[in-house]
A.B. asks: 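Dropping the structure in here first, questions after.
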2 protein chains.
Amino acid sequence: MMSPGKSKRQELLCRYLEGNPFLTDNELAHMLGVSIQTIRLDRWGLSIPELRKRLREVAKGSYGQVSALQKEEWIGDLVDLEPGRQGVSILEVSEEMTLNSTKVARGHYIFAQANCLAVSLVNTKVALTGTAKISFKRPVYYGEKVIARAFISRKKDNKFIIRVTSKVRDETIFQGKFLVFAIA
Amino acid sequence: MMSPGKSKRQELLCRYLEGNPFLTDNELAHMLGVSIQTIRLDRWGLSIPELRKRLREVAKGSYGQVSALQKEEWIGDLVDLEPGRQGVSILEVSEEMTLNSTKVARGHYIFAQANCLAVSLVNTKVALTGTAKISFKRPVYYGEKVIARAFISRKKDNKFIIRVTSKVRDETIFQGKFLVFAIA
DNA sequence: CTCTATTTTAGTATCTGGTATTAAAGTATA
DNA sequence: TATACTTTAATACCAGATACTAAAATAGAG
């Protein structure tokens with residue numbers, strides 16, 4: 001049997017580190033009122049890596065994400081684009097896009113992909129979405145690749161009506177009609 | 001005068017570290033074909049901190065962002081919520097949300113705020129957007145605070161029709177009608 | 001070519017935040 | 001009281017540095 005003091009302390013230790021992964025063993029030892037050796041034993045028992053490795057992980061994890069999310073200016077990878085005519089974009093549903101309880105992608109990511117693609121079809125410096133009528137046909141899951149195809153269905157002056165259909169394999173999961181304004 | 005070898009090497013050093021901040025002095029010394037002491041002198045001259053501090057910075061920088069972006073699960077700050085009835089959310093348009101040439105927020109952020117709010121009104125573990133009819137009334141600019149108000153306008157079984165109106169001050173900038181499904 | 005200044009390398013002591021290991025206390029508990 | 005679990009201690013070692021001193025290599029000017 002594990003003594004209640006130990007398991008309680010280990011729980012606390014986890015909570016502290018979740019709240020602040022930048023704590024050293026020394027600081028933890030003071031916070032929990034035990035020796036540094038006990039902290040190391042606990043970490044070992046809970047297989048929590050040392051500070052430097054924790055930092056490395058956080059840093060690495062974010063390093064990929066920084067460029068992934070800050071460049072999330074455009075959601076989805078443009079794989080084909082004929083400005084003024086049609087375009088295709090692919091989006092692989094990553095973990096950040098999903099509701100954490102389920103593995104379902106949040107609707108606005110699917111929308112964002114379609115919106116980005118629609119706007120990029122318009123061949124001007126700036127284009128803005130005016131109205132949109134959209135419909136999510138079925139949930140999209142973590143890991144699935146969403147292929148969005150867009151084409152301009154009508155054009156008048158600076159107004160474009162663009163239709164976007166997003167599919168996973170051959171199944172349509174999203175459809176939308178966007179009214180986009182081009183701005184000189 | 002600084003020897004050309006030195007300034008060239010320092011430029012390279014910067015580029016290497018920009019590309020990969022995880023490099024140790026030792027690795028840099030090998031890459032640049034000089035001794036480790038030279039690398040340290042160069043770092044000192046360029047006031048580049050040691051590996052561990054660089055990692056700390058990257059990790060810290062991203063730690064703020066992790067909670068800002070990974071919790072970007074919900075876009076906008078919920079300021080009022082009566083589940084099953086109505087809710088209010090505020091979103092301040094930050095730089096990342098804008099098109100970089102102009103200062104106009106990209107439509108999908110405005111949509112995301114509304115979508116998050118609509119979904120959160122439904123008082124179940126998981127809720128998904130089925131269809132939506134939305135309209136962007138005018139562009140929203142960097143720094144503006146968007147206040148989205150949502151209410152359930154109809155309900156039948158597990159289907160909810162939710163209307164969202166987003167305003168900047170007293171001006172309506174977005175309206176949307178969402179059909180949301182609750183999932184047990 | 002020589003003298004001087006800059007640049008580079010070497011070496012040593014020290015620090016932090018650990019790992020790994022062995023051993024000895026302290027504490028419960030049957 | 002004997003046994004098992006838990007905690008602390010002590011020691012040797014490592015990576016990746018700082019800080020400092022000093023010597024070698026190289027460049028440039030007269």
Side-chain angles (χ1 to χ4, degrees), chain A residues 1-70, chain B residues 1-70:
Chain A
M1 259 282 278
M2 193 179 273
S3 86
K6 187 175 180 179
S7 60
K8 215 174 204 171
R9 188 186 57 238
Q10 295 196 341
E11 248 183 81
L12 269 175
L13 193 149
C14 286
R15 280 238 296 278
Y16 286 164
L17 283 179
E18 268 170 42
N20 178 9
F22 303 88
L23 295 168
T24 64
D25 286 357
N26 213 326
E27 291 171 316
L28 287 164
H30 279 97
M31 289 167 79
L32 295 167
V34 290
S35 74
I36 202 167
Q37 285 83 356
T38 305
I39 296 296
R40 313 242 226 238
L41 266 175
D42 282 349
R43 266 202 303 107
W44 193 85
L46 297 162
S47 50
I48 296 172
E50 60 168 297
L51 169 67
R52 288 152 183 167
K53 285 189 186 159
R54 294 196 304 269
L55 282 185
R56 251 198 164 71
E57 277 170 27
V58 175
K60 250 181 198 157
S62 72
Y63 204 66
Q65 282 185 7
V66 165
S67 49
L69 283 170
Q70 285 196 340
Chain B
M1 259 283 277
M2 191 178 274
S3 84
K6 188 174 181 179
S7 59
K8 214 172 203 171
R9 190 186 56 238
Q10 294 195 344
E11 247 183 82
L12 269 175
L13 192 149
C14 285
R15 280 237 297 279
Y16 286 164
L17 283 179
E18 267 168 44
N20 178 8
F22 302 88
L23 295 168
T24 64
D25 287 357
N26 213 326
E27 290 170 316
L28 287 163
H30 279 97
M31 289 167 79
L32 294 166
V34 290
S35 75
I36 202 168
Q37 285 81 355
T38 304
I39 295 296
R40 313 244 225 238
L41 267 175
D42 282 348
R43 266 202 305 107
W44 193 84
L46 298 162
S47 51
I48 295 172
E50 60 168 300
L51 169 67
R52 287 150 185 168
K53 286 188 185 156
R54 293 196 305 269
L55 282 185
R56 250 199 166 72
E57 278 170 27
V58 176
K60 250 180 197 157
S62 73
Y63 205 65
Q65 283 186 6
V66 165
S67 45
L69 284 170
Q70 282 199 341

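By convention in this document, chain letters (A, B, ...) are assigned in the order of the sequence lines, proteins followed by strands, and residues within each chain are numbered from 1. Side-chain atoms are counted along with the backbone in the values below, which use heavy atoms only and exclude waters and symmetry mates.
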A.B. asks: Restricting to non-hydrogen atoms, name the atom on B:Asp42 and the atom on B:Gln10 that form the minimum distance, rounded to 0.1 Å.
C.D. replies: OD1-NE2, 2.8 Å
A.B. asks: Less than 3.5 Å apart, which donor and acceptor atoms pair up between the side chains of residues 26-37 of chain A and the rest of the protein, not counting sequence neighbours?
C.D. replies:
residue, atom, partner, partner atom, Å
A:Asn26, OD1, A:His30, ND1, 3.4
A:Glu27, OE1, A:Thr24, N, 2.9
A:Glu27, OE1, A:Thr24, OG1, 3.3
A:His30, ND1, A:Asn26, O, 3.1
A:Ser35, OG, A:Gln37, N, 3.4
A:Ser35, OG, A:Gln37, OE1, 3.4
A:Ser35, OG, A:Thr38, N, 3.3
A:Ser35, OG, A:Thr38, OG1, 3.1

A.B. asks: Measure CG/B:Leu41 against P/C:dT6 and give the value in whole Å, please.
C.D. replies: 14 Å
A.B. asks: Working to the nearest 0.5 Å, report the span between NZ of B:Lys53 and CD of B:Glu50.
C.D. replies: 5.5 Å
A.B. asks: So how far is it from B:Phe22 CZ to B:Leu55 CG, rounded to the nearest 0.5 Å?
C.D. replies: 5.5 Å
A.B. asks: Within the 4.0 Å heavy-atom criterion, would you say A:Ile36 contacts the bases, only the backbone, or no part of the nucleic acid?
C.D. replies: nothing
A.B. asks: First locate atom OG of A:Ser7, then atom CG of A:Leu12, and finally report the distance between them rounded to the nearest 0.5 Å.
C.D. replies: 10.0 Å
A.B. asks: Could you state the CG-C1' distance from A:Asp42 to D:dT6, rounded to the nearest angstrom?
C.D. replies: 10 Å
A.B. asks: Protein within reach of the bases, or only the backbone? For nucleotides 12-24 of chain D, mark each nucleotide 5' to 3' as B, S or -, using heavy atoms under 4.0 Å.
C.D. replies: ---BBBB------
A.B. asks: Does C:dT8 have OP1 or OP2 under 4.0 Å away from a side-chain N or O of B:Thr38?
C.D. replies: no
A.B. asks: Once side chain to side chain donor-acceptor pair (under 3.5 Å) is applied, do any residues pair with B:Arg43, and if so which ones, sequence neighbours excluded?
C.D. replies: B:Asp25
A.B. asks: Let me know the distance between CG of A:Leu28 and C1' of C:dT16, rounded to the nearest Å.
C.D. replies: 15 Å
